[in-house]
Amino acid sequence: MHQIAKAAGVSIGTVSHVINGTAVVREPLRQRVLAAVKALGYEPNELSRGLRLNKTNMIGMIIPDITNPFFPAVVRGVEDVAYKDSYRLVLCNTDNDPDKESVYLGQLRSFLPAGILIIPSPDSSISQNLTGPPVVCIDRRPEGWTGDYVAVANHEGAYKAARHLIEMGHRHIGVISGPSHLANAQERLHGFLKALDNSAIPIAPEYVQEALFDRTSGYAAAMRLLHLLPRPTAIFATNDLMAMGALLAIRESNLTCPRDVSIISFDGLDQTELTDPPLTTIYQSGYQLGYAAARLLLERIAGSHEPAKEIILATELRARHSVARANAEANCR
């Protein structure tokens, strides 16, 4: 600090204000300090500064499954916002394990983060751990959560998916839902069933198969649906990975999509354009989800004391080639 002050021709206090952002410094002086910092190769000790200020420039983020291709887009949205505002992101993966999530929460808090973003695991205990830095929940609302929350319109999106199948003439429709204890899975299933109910289309319990939001369980659930009589003419898979598993199940059953069985999914991953056939899907922007959550968190870090916010982003139906019009013969099978 003495060396920087001497090189820039300013006081040590001015150097401290520029480096720590604790007061406004006139631009010419600020530029002289920054030039001296660069010339001397000074790197501030973030841990020491964090202990002094009781927070660091770190944002902690906890996600449930790093292998799910939807979540990296969410992380990228967060990182772009954080980096622009000089915050650095630390990422933790829970494997959908609430115990692992609890450990990460405790450890992150010990590092004095400015804030935490979390896509909760099933049976998350985050609602019982509200002390410490501001927290924003993304995509999944844990039971009892009353804090800030950012998600997409899951119910509305699933309703649109069912309406699309109905408008294409399908009446024997199966659904592969996500884990029943996840809020977003419940919302998608309810939206789908609401559309069927509004069109007076009955659905037997066996045509609703629960899976784990992954390809393997989506494949198994689709196999169960394909062995039902009458066989569904269309399947709504409530995420893209399960839809990809369903496509494989259709091929291995010597059937063709969409001629024999149509498929519509939810997420809109880039990979859905490359499947055979390309998947019709309800698109949600993972990037915008992360971006909106990060902006909300930065508001809290800056001192906003407004009541808890709920931000719900819209979805979009992207029709491709995995849904065909049902024929009368297929609906009578």
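Quick note: numbers below take in every heavy atom, side chains included, and nothing from hydrogens, waters or symmetry partners.
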(Q) Hydrophobic clusters here meaning ILVMFWY residues chained together by side-chain heavy-atom distances under 4.5 Å, can you tell me if Leu248 and Val175 are in one? (A) no
Q: Verify side chain to side chain contact (heavy atoms under 4.5 Å, CB included) between Met58 and Tyr87, making sure each step is shown before the conclusion.
A: CA-CA 6 Å; Met58 179 184 80; Tyr87 288 94; over 6 Å; no
(Q) Holding to side-chain hydrogen bond (donor to acceptor under 3.5 Å, both in side chains), I want the full list of residues that pass it with Asp139, two or more places apart in sequence or in another chain. (A) Asn184
Output side-chain donor-acceptor pairs under 3.5 Å for residues 272-281, partner residues at least two apart or in another chain, one line each.
from   : atom 1 : to     : atom 2 : distance (Å)
Thr272 : OG1    : Leu269 : O      : 2.5
Thr272 : OG1    : Arg320 : NH1    : 3.0
Thr275 : OG1    : Thr272 : O      : 3.2
Thr275 : OG1    : Pro277 : O      : 2.7
Thr275 : OG1    : Leu279 : N      : 3.4
Thr280 : OG1    : Arg320 : N      : 2.8
Thr281 : OG1    : Asp240 : OD1    : 3.1
Thr281 : OG1    : Ser265 : O      : 3.4
Thr281 : OG1    : Ser265 : OG     : 3.2
Thr281 : OG1    : Gly268 : N      : 3.2

(Q) Quick one, Ile62 and Leu117 - any side-chain contact, counting heavy atoms below 4.5 Å? (A) no
(Q) Give me the atom names and distance for the closest heavy-atom approach of Gly174 to Pro232. (A) N-CB, 3.7 Å
Q | Cluster link Ile12 to Leu29, ILVMFWY, side chain under 4.5 Å | A | yes
**Q.** Inter-residue atom distance Ile250.CD1 - Ser262.OG, 0.5 Å rounding
**A.** 8.5 Å
Q.
Using the rule given for side-chain hydrogen bond (donor to acceptor under 3.5 Å, both in side chains), can you reason through Gln284 versus Thr315, listing the C-alpha separation, both sets of side-chain angles and the distance that settles it, and then say yes or no?
A. CA-CA 5 Å; Gln284 60 165 329; Thr315 59; over 6 Å; no
Q. Is the side chain of Asp197 donor-acceptor paired with the backbone N or O of Leu193 at a distance under 3.5 Å, no angle test?
A. no
Q: Please confirm whether the backbone N or O of Leu212 pairs with a side-chain atom of Ser217, one donor and one acceptor, at under 3.5 Å?
A: yes
Q. So do the side chains of Val15 and Val18 get within less than 4.5 Å of each other, counting heavy atoms only?
A. no
(Q) Would you say that Thr216 contacts Tyr219 through its side chain, given a criterion of any heavy-atom pair below 4.5 Å between the two side chains? (A) no
Q.
Here's a test for you: under side chain to side chain donor-acceptor pair (under 3.5 Å), which of His172, His170, Arg171 qualifies with Thr233?
A. His170
Q: Name all pairs fulfilling the salt bridge (charged side-chain N to carboxylate O under 4.0 Å, His left out) condition that reach into residues 64-77, sequence neighbours left out, sorted by first residue then second.
A: Arg76-Asp80
Q.
One thing to verify: whether Glu167 and Arg163 come together as a salt bridge, which I'm taking to mean a side-chain N less than 4.0 angstrom from a carboxylate O.
A. yes
**Q.** Minimum-distance pair of heavy atoms, taken over all atoms of Gly218 and Ile176
**A.** O-CD1, 3.7 Å
**Q.** Heavy-atom side-chain contact between Glu143 and His181 under 4.5 Å
**A.** no
Q. Does any N or O in the side chain of Thr94 come within less than 3.5 Å of the main-chain N or O of Ser121, such that one atom is a donor and the other an acceptor?
A. no
Q) Of all heavy-atom pairs between Ser253 and Ala249, which one has the smallest distance, and what is that distance? A) OG-O, 2.8 Å
Q. Hey, is the main chain of Gln288 close enough, under 3.5 Å, to the side chain of Ser285 for a donor-acceptor pair?
A. yes
**Q.** Minimum heavy-atom distance between Arg140 and Tyr149, given as atom pair plus value
**A.** C-CE1, 3.5 Å
Below 3.5 Å, can you tabulate the donor-acceptor pairs from side chains in residues 203-211 to any protein atom, sequence neighbours excluded?
from   : atom 1 : to     : atom 2 : distance (Å)
Tyr207 : OH     : Pro230 : O      : 2.4
Gln209 : OE1    : Arg224 : NE     : 2.6
Gln209 : OE1    : Arg224 : NH2    : 3.3
Gln209 : NE2    : Glu206 : O      : 2.9
Glu210 : OE1    : Ser180 : OG     : 3.4
Glu210 : OE2    : Ser180 : N      : 3.1

**Q.** Results of side-chain hydrogen bond (donor to acceptor under 3.5 Å, both in side chains) for Asp95 - residues two or more places apart only
**A.** Asn93, Lys100
**Q.** Minimum side-chain heavy-atom gap Leu108-Cys92 below 4.5 Å
**A.** yes
(Q) Quick test of your reading of the model: are Lys160 and Glu316 salt-bridged, counting only N-O distances below 4.0 Å? (A) no
Q | Considering all heavy atoms, the nearest Glu299-Lys309 contact | A | OE1-NZ, 3.0 Å
Q: Could I get the full list of side-chain hydrogen bond (donor to acceptor under 3.5 Å, both in side chains) partners for Arg30, not counting sequence neighbours?
A: Glu27
Q: Treat each ILVMFWY residue as a node, draw an edge where side-chain heavy atoms are under 4.5 Å apart, and state whether Tyr283 and Leu289 are in one component.
A: no
Q: Could you give me the CA-CA distance, side-chain angles and deciding distance for Ser102 and Asp99, then say whether side-chain hydrogen bond (donor to acceptor under 3.5 Å, both in side chains) is met?
A: CA-CA 5 Å; Ser102 183; Asp99 293 330; over 6 Å; no
Q) Given the rule that I, L, V, M, F, W and Y join up when any side-chain heavy atoms are under 4.5 Å apart, are Ile119 and Val103 in one cluster? A) no
Q | Spacing of Asp85 atom CG and Arg88 atom CZ [to the nearest 0.5 Å] | A | 10.0 Å
Q.
Taking atom OH as the centre, does Tyr291 end up with more than 12 heavy-atom neighbours from other residues, nucleotides or ligands that are less than 6.0 angstrom away?
A. no
Q: Report yes if the side chains of Ile63 and Val75 come closer than 4.5 Å at any heavy-atom pair, otherwise no.
A: yes
**Q.** Nearest-0.5 Å distance that lies between atom CG in Asn96 and atom CZ in Phe213
**A.** 10.0 Å
(Q) For the backbone of Gly9 and the side chain of Arg32, can you confirm whether one donor and one acceptor N or O come within less than 3.5 Å of each other? (A) yes
Q: Flag yes if Leu89 and Leu296 sit in one hydrophobic cluster, no otherwise; membership is Ile, Leu, Val, Met, Phe, Trp, Tyr, and two members link when side-chain heavy atoms are under 4.5 Å apart.
A: yes
Q. Are the side chains of Leu241 and Pro69 in touch, meaning some heavy atoms are under 4.5 Å apart?
A. yes
Q | Heavy atoms of other groups near Arg215 CZ, more than 12 under 6.0 Å | A | no
**Q.** Shortest non-hydrogen contact between Ser199 and Ile166, atoms and distance
**A.** OG-CD1, 3.7 Å
Q | Validation row: Ile118, Met61 side chains within 4.5 angstrom (heavy atoms) | A | no
Q) Do you know which of Asn239, Thr238, Asn154 makes side chain to side chain donor-acceptor pair (under 3.5 Å) with Arg188? A) Asn154
